[in-house]
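Below is one structure, written out as structure tokens; the observations come after it.
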Number of protein chains: 2
Amino acid sequence: MSPFEDGVARWRRVADEIRSAIGEGAIVDVLPSEVDLAERYGVNRHTVRRAIASLAAEGLLRAERGRGTFVSAAPKRAVYPIGPRTRFSESMLKQSLEPSGRLIRSERVVADTVLAGLLELRPGAPLHRLDSLSVVSGMPMSRSVSHFSAERFPGIIDAYAETGSITAALAREGVTDYRRRETRLTAERVTTKDADLLSCAPDAIVLISTAVDVDLEDRPIQSIRTKFLADRMELVLGPPDQSASGL
Amino acid sequence: MSPFEDGVARWRRVADEIRSAIGEGAIVDVLPSEVDLAERYGVNRHTVRRAIASLAAEGLLRAERGRGTFVSAAPKRAVYPIGPRTRFSESMLKQSLEPSGRLIRSERVVADTVLAGLLELRPGAPLHRLDSLSVVSGMPMSRSVSHFSAERFPGIIDAYAETGSITAALAREGVTDYRRRETRLTAERVTTKDADLLSCAPDAIVLISTAVDVDLEDRPIQSIRTKFLADRMELVLGPPDQSASGL
DNA sequence: GCCTATTTGTTCGTATGTATC
DNA sequence: AGATACATACGAACAAATAGG
């Protein structure tokens with residue numbers, strides 16, 4: 001038997017048919033079993049699995065061993081407004097969500113040239129590296145790595161461990177207010193280690209934000225690199241217009 | 001033979017070993033063939049393929065039929081500053097890149113409640129839907145869907161088709177200046193159709209920006225939803241500090 | 001709690017198609 | 001044309017998780 005019918009792989013055709021069936025409402029919540037689908041479409045079970053893998057990667061399906069394969073309901077994302085005055089915990093509270101932060105690990109490191117440049121310190125300056133996890137209403141949301149000057153903020157790690165909020169920790173270290181100077185955004189696949197910490201699918205997508213916060217005198221306070229789970233979060237720039245999400 | 005050695009799937013172990021080999025420099029540019037790897041790790045070729053598929057999904061590898069499997073060099077991303085004054089073409093030109101826009105398709109539609117809300121029009125108002133592709137220095141970069149009031153901008157489609165720039169097209173329609181009111185960001189996997197248009201891997205990641213531009217009187221001009229290829233683009237918020245990318 | 005049937009996950013085997021060198 | 005390499009497809013078997021009796 002020839003693997004191709006007219007230039008399109010058979011598993012792609014099966015994937016398209018399943019997608020259509022879902023779109024038309026013929027399949028509502030749970031998919032027929034792989035063996036059933038294989039029989040229905042007249043292909044091998046592996047071919048069905050390849051199609052399902054592809055749709056799962058698109059985020060349309062979610063397979064659970066021993067239970068079945070389900071249609072993923074589009075999750076409602078939490079909204080995180082970012083701008084000059086960016087405060088994660090405050091934003092979540094405004095949406096009636098409960099933010100909390102957990103210290104994963106901390107370390108004393110020395111500034112490389114990039115970090116030194118961002119923080120306006122000399123290369124080799126002592127830094128606190130703070131590795132943390134944000135959980136919002138029980139749902140792991142993001143993973144961050146922050147760097148602070150160890151000389152200026154000697155107690156920042158302990159303060160974060162106690163409060164679970166960077167804003168609160170900075171307040172204890174004497175920073176009453178700060179603002180964001182720059183944010184860079186991109187997206188990648190989650191690493192296996194992060195997938196573990198974030199309790200998400202091994203092929204989930206993270207929005208990566210690399211930012212520098214400065215105090216009122218425009219001196220850098222921290223460099224922070226955060227990976228947000230893209231399917232749980234939406235970043236918003238502009239006026240604080242808490243309107244409906246999506247389009 | 002048992003599929004598991006100690007709870008970890010064999011293909012995961014193989015994937016980890018390949019990743020390490022690349023990290024250590026033992027594998028530099030091109031992977032040994034699947035048969036070689038299967039023999040080396042003492043597994044079936046399918047198991048190697050599963051491992052490679054996983055690493056390719058991470059973006060670490062790129063398989064080319066008939067040629068081989070290669071280590072993907074981390075590409076340098078183009079920088080796109082977004083803020084109140086966002087201009088795609090100008091930004092690319094400043095980086096000595098050559099932007100161009102191509103009209104994929106245009107259509108007259110009527111505003112649903114969401115679009116009507118964003119554009120501050122009545123639901124059912126006539127709109128131009130503009131489906132376009134941005135190519136920067138020969139590299140497809142993003143795909144956008146814009147909506148404009150058909151009453152206010154009757155010639156916007158032709159103007160875009162000729163200029164390949166939304167800013168230029170708006171200028172022809174009498175909009176000398178505009179600014180961005182709001183931008184919402186998230187990330188997803190590319191769809192098969194978009195992967196085709198963008199000439200990218202079928203499992204690539206796109207940064208999705210949904211924004212509203214307004215004129216100087218704060219009246220909405222366009223609603224634009226853009227999918228940027230995350231591995232070719234980096235979005236930057238904040239002062240125009242064209243420093244080094246990444247961290 | 002135990003057993004069994006069902007369902008997804010992994011592995012190997014084999015064969016053929018398609019693109020590249 | 002031939003060899004090599006990745007892509008697709010089918011078949012068979014077993015593992016692991018789940019659900020139900």
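The model shown is predicted, which means the values in this text are computed figures rather than measured ones. Letters go in sequence order (proteins before strands), and every chain restarts at 1.
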On DNA chain D, more 5' by nearest nucleotide between B/Ala63 and A/Arg45 is B/Ala63
Sequence neighbours excluded, the answer for salt bridge (Lys or Arg N to Asp or Glu O under 4.0 Å) partners of B/Arg49 is B/Glu34
Starting at OH of B/Tyr41 and ending at P of C/dT11, how long is that distance when rounded to a whole Å?
-> 15 Å
Phosphate-side-chain proximity, B/Thr47 and C/dT10, N/O vs OP1/OP2 below 4.0 Å = no
Enumerate all atom pairs, one protein N or O and one N or O from nucleotides 19-21 of chain D, separated by less than 3.5 Å.
unit_1: D/dA19; atom_1: OP1; unit_2: A/Arg67; atom_2: NH1; d: 2.4

Within residues 14-26 of chain A: residues closer than 4.0 Å to DNA chain D (heavy atoms) = none
A/Leu60: side chain to side chain contact (heavy atoms under 4.5 Å, CB included) partners, not counting sequence neighbours = A/Arg19, A/Ile22, A/Leu55
Over all heavy atoms of both residues, which pair between A/Leu31 and A/Ile27 is shortest? Give the atoms and the distance, please.
-> CD1-CG2, 3.6 Å
Closer than 4.0 Å, any side-chain N/O of B/Ser33 to the OP1 or OP2 of D/dT4?
-> no
Mind checking side chain to side chain contact (heavy atoms under 4.5 Å, CB included) for A/Ser199 and listing every partner two or more places apart, or none if nothing turns up?
-> A/Pro140
For A/Arg40, the salt bridge (Lys or Arg N to Asp or Glu O under 4.0 Å) test, sequence neighbours excluded, returns none
Would you please name every residue forming a side chain to side chain donor-acceptor pair (under 3.5 Å) with B/Asn44, sequence neighbours left out?
-> none
Residues in salt bridge (Lys or Arg N to Asp or Glu O under 4.0 Å) with B/Arg143, at least two apart?
-> B/Asp131, B/Asp194
State which residues pass salt bridge (Lys or Arg N to Asp or Glu O under 4.0 Å) with A/Glu107; sequence neighbours excluded, sorted by chain then number.
-> A/Arg105, A/Arg129
Ignoring hydrogens and geometry, is there a side-chain-to-backbone donor-acceptor pair from A/Ser209 to A/Leu185 under 3.5 Å?
-> no
Inter- and intrachain pairs under ring-ring contact (aromatic ring centres under 6.0 Å, His included), touching residues 86-105 of chain A, at least two apart = A/Tyr80-A/Phe88
Provide, to the nearest angstrom, the distance between the CD atom belonging to A/Glu64 and the C1' atom belonging to D/dA16.
-> 14 Å
Does OP1 or OP2 of C/dG13 have a side-chain N or O of B/Asn44 closer than 4.0 Å?
-> yes
Which atom pairs link the protein and nucleotides 3-5 of chain C when you take only N or O atoms and keep those under 3.5 Å?
none

What is the nucleic acid contact for A/Val43, judged by heavy atoms within less than 4.0 Å: base, sugar-phosphate only, or nothing?
-> sugar-phosphate
Are any of A/Arg49's side-chain N or O atoms less than 4.0 Å away from OP1 or OP2 of C/dG9?
-> yes
Quick one: side chain to side chain contact (heavy atoms under 4.5 Å, CB included) partners of A/Thr113, sequence neighbours excluded?
-> A/Pro123
5' priority, DNA chain D, between B/Gly68 and A/His46 [closest heavy atom] | B/Gly68
A/Arg10 has a side chain; which of D/dC6, C/dT11, D/dA9 sits nearest to it?
-> D/dA9
